[in-house]
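Following: one structure in structure tokens, then a few remarks.
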Number of protein chains: 2
Amino acid sequence: MQPALIRPGLNDAPAQSAHERVYRGLRQQVMHGELNPGTALTLRGIGKSFGVSMTPAREAVRRLTAEGALSLSASGRVTTPELSNERIEELASIRALLEPELASRALRRAHLALIDRMESINEANARAIHNQNPVDYIRTNLEFHRTLYLRAQSPAMLGLLETVWLQLGPTMRMLYTRIRRTTAPPHHRLILEALRAGDDAALRLALRTDVTQGLRHLQV
Amino acid sequence: MQPALIRPGLNDAPAQSAHERVYRGLRQQVMHGELNPGTALTLRGIGKSFGVSMTPAREAVRRLTAEGALSLSASGRVTTPELSNERIEELASIRALLEPELASRALRRAHLALIDRMESINEANARAIHNQNPVDYIRTNLEFHRTLYLRAQSPAMLGLLETVWLQLGPTMRMLYTRIRRTTAPPHHRLILEALRAGDDAALRLALRTDVTQGLRHLQV
DNA sequence: AGGTCAATTTTGTGATCACATTTTTCGATG
DNA sequence: CATCGAAAAATGTGATCACAAAATTGACCT
């Protein structure tokens, strides 16, 4: 197999295991909507594309499957999940439950520097929309939300939410290309205003609508 | 390795893979509080106790680690998690967020047969308390809740909640043996009454207090 | 053309091995 | 008696292999 070619200077974590690299790589592809729903993957293919054997690929797949990022067929085949409309709505309602709570917990700790950072992420988000780039759009949108939620100091809740995002990743890409979004999500402004005003109720409402509204265009 | 000795008649799922058997076995041990926090496990030991090689043991551990049921040390050692007080409270507040919602969704579909079944599970729960049996107590308590939530028809939300239960499993055992519970959890009665009355607000409140109250005795 | 079935290829599973690292053991030393 | 350090044991990681099951292919027949 390939010599794996680790360049320590470029990695955040100094010594990543092979399985960890595969896991992070696949996870990002799924969460950022780089894969369409139903995309088939194979252990040998994953291994080859990361320059490792089947073993670390298998472990990464098990992990991601446990998080709902991938699904296994009865015969063990690996694909990105194809969600039913009911499932999409359920996941959206979980977001609507968790995200206002996380935002509310972050509110008291959200200083101006944080709001400025969110503002600049939101501008990158607008650029992604202008460039019709779905992956950048999804990535910056999640980054906008995560930047806020990190301040909530609630790692378990954020962890749960990220598995929900993971499950929605491929579907979000599909939805994005379907609705051909042309304007920025209107609720990000409301979120920023509520943060600046320190208005908990307005913040919760802004998040609930932001999260819910994006997935209202199903009609499959 | 051992011939694995599968007896199809005794298994619910007809053809379980080795990894699946290990996963289910470990998962139950963790969720039902059969393992104290900080219990060390080894891949070879797990494999031996299930009559399989390291490979399926490793996959099961990866899966359970992804669900928060087990933790990995920096050197890859496997233990059941030892939760900080902050983490316990955070997990409790997640329960307090999800469980009233699941109960509310189940309410309209909760017929009398379901309530009767919950009642009988609650009696088994009382017996477990009388017998000072922590594992039976935890098991029947979770079964009481899960029986209700299954009616919510919200598999993703229930799945998330089960990972929270998993994370709390070893800690619940520790808390149980610490407080030496002697009387039945008072809120199960309130839950049943609210179900019978079809009172959504009362049901939500009963669950929130039931879930929160059990973990108020920390004081580590 | 379309369908059927056998041959072939692809794929996941589980076991085993070599290896590096960590942990434990245990004796020597102060 | 405690502490340090070296030897020994235990452990996780990744690669490879054999095998069975599944999916694909392609020839053949109707």
Side-chain angles (χ1 to χ4, degrees), chain A residues 1-8 11 13-27 30 35 38-67 69-82, chain B residues 1-8 11 13-27 30 35 38-67 69-82:
Chain A
M1 203 47 61
Q2 295 293 8
L5 192 48
I6 295 186
R7 291 174 299 179
N11 294 335
Q16 266 187 122
S17 60
H19 136 258
E20 190 78 14
R21 271 186 302 127
V22 177
Y23 169 75
R24 288 204 195 289
L26 281 180
R27 181 184 144 103
V30 172
L35 277 54
T39 303
L41 301 173
T42 65
L43 297 183
R44 287 173 176 85
I46 294 168
K48 186 173 295 183
S49 84
F50 285 89
V52 299
S53 79
M54 297 173 60
T55 310
R58 242 200 293 188
E59 299 185 47
V61 164
R62 284 277 177 238
R63 226 172 132 182
L64 289 164
T65 303
E67 297 177 343
L70 298 174
S71 16
L72 289 183
S73 79
S75 65
R77 249 68 174 191
V78 189
T79 61
T80 50
E82 301 183 272
Chain B
M1 204 43 64
Q2 296 292 7
L5 193 48
I6 294 186
R7 291 174 297 179
N11 294 333
Q16 265 188 121
S17 60
H19 136 257
E20 190 77 15
R21 270 187 300 128
V22 176
Y23 169 74
R24 288 202 197 288
L26 281 180
R27 181 183 143 102
V30 172
L35 276 46
T39 303
L41 301 173
T42 66
L43 297 183
R44 287 171 176 86
I46 293 168
K48 187 173 295 184
S49 84
F50 285 90
V52 299
S53 80
M54 297 173 61
T55 309
R58 241 199 295 187
E59 299 187 46
V61 164
R62 282 279 177 238
R63 226 173 134 181
L64 289 163
T65 303
E67 298 178 343
L70 298 174
S71 13
L72 289 183
S73 78
S75 66
R77 249 65 174 192
V78 188
T79 61
T80 50
E82 301 183 272

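Please read all numbers here as calculations on a predicted model, not as lab measurements. Residue numbering restarts at 1 for every chain, and letters A, B, ... go by the order of the sequence lines.
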Tell me which residues in residues 55-62 of chain B lie within less than 4.0 Å of DNA chain C, going by non-hydrogen atoms.
B:Thr55, B:Pro56

Testing C:dT13, C:dG14, D:dG14 for proximity to the side chain of B:His19, the answer is C:dG14

Nearest to the A:Arg44 side chain among D:dT11, C:dT16, C:dT11, which nucleotide is it?
C:dT11

Atom pair distance, as rounded to whole Å: [atom1] in [X] and [atom2] in [N]:
X: B:Lys48; N: C:dA15; atom1: NZ; atom2: C1'; value: 15 Å
X: B:Ile46; N: C:dA15; atom1: CD1; atom2: C1'; value: 17 Å
X: A:Tyr23; N: D:dG14; atom1: OH; atom2: P; value: 15 Å
X: B:Leu43; N: C:dC19; atom1: CG; atom2: C1'; value: 16 Å
X: A:Gln16; N: D:dT13; atom1: CD; atom2: P; value: 14 Å
X: A:Arg77; N: D:dA20; atom1: CZ; atom2: C1'; value: 12 Å
X: A:Leu72; N: D:dA22; atom1: CG; atom2: C1'; value: 15 Å

Within the 4.0 Å heavy-atom criterion, would you say A:Leu41 contacts the bases, only the backbone, or no part of the nucleic acid?
sugar-phosphate

Can you tell me how far apart [atom1] ([X]) and [atom2] ([Y]) are? Round to the nearest 0.5 Å.
X: A:Leu64; Y: A:Leu26; atom1: CG; atom2: CG; answer: 6.0 Å
X: B:Thr42; Y: B:Met54; atom1: OG1; atom2: CE; answer: 8.5 Å
X: A:Leu35; Y: A:Thr80; atom1: CG; atom2: OG1; answer: 5.5 Å

Residues passing the side-chain hydrogen bond (donor to acceptor under 3.5 Å, both in side chains) test with A:Arg58, sequence neighbours excluded, are B:Glu59

Go through the structure and list residues passing side chain to side chain contact (heavy atoms under 4.5 Å, CB included) with A:Ala57, not counting sequence neighbours.
A:Ile46

In plain terms, say whether B:Arg27 and B:Glu20 are close enough for a salt bridge, that is, a side-chain N and a carboxylate O under 4.0 Å apart.
no

Hey, is the side chain of A:Ser75 poking within less than 4.0 Å of OP1 or OP2 on D:dA22, counting only N and O atoms?
no

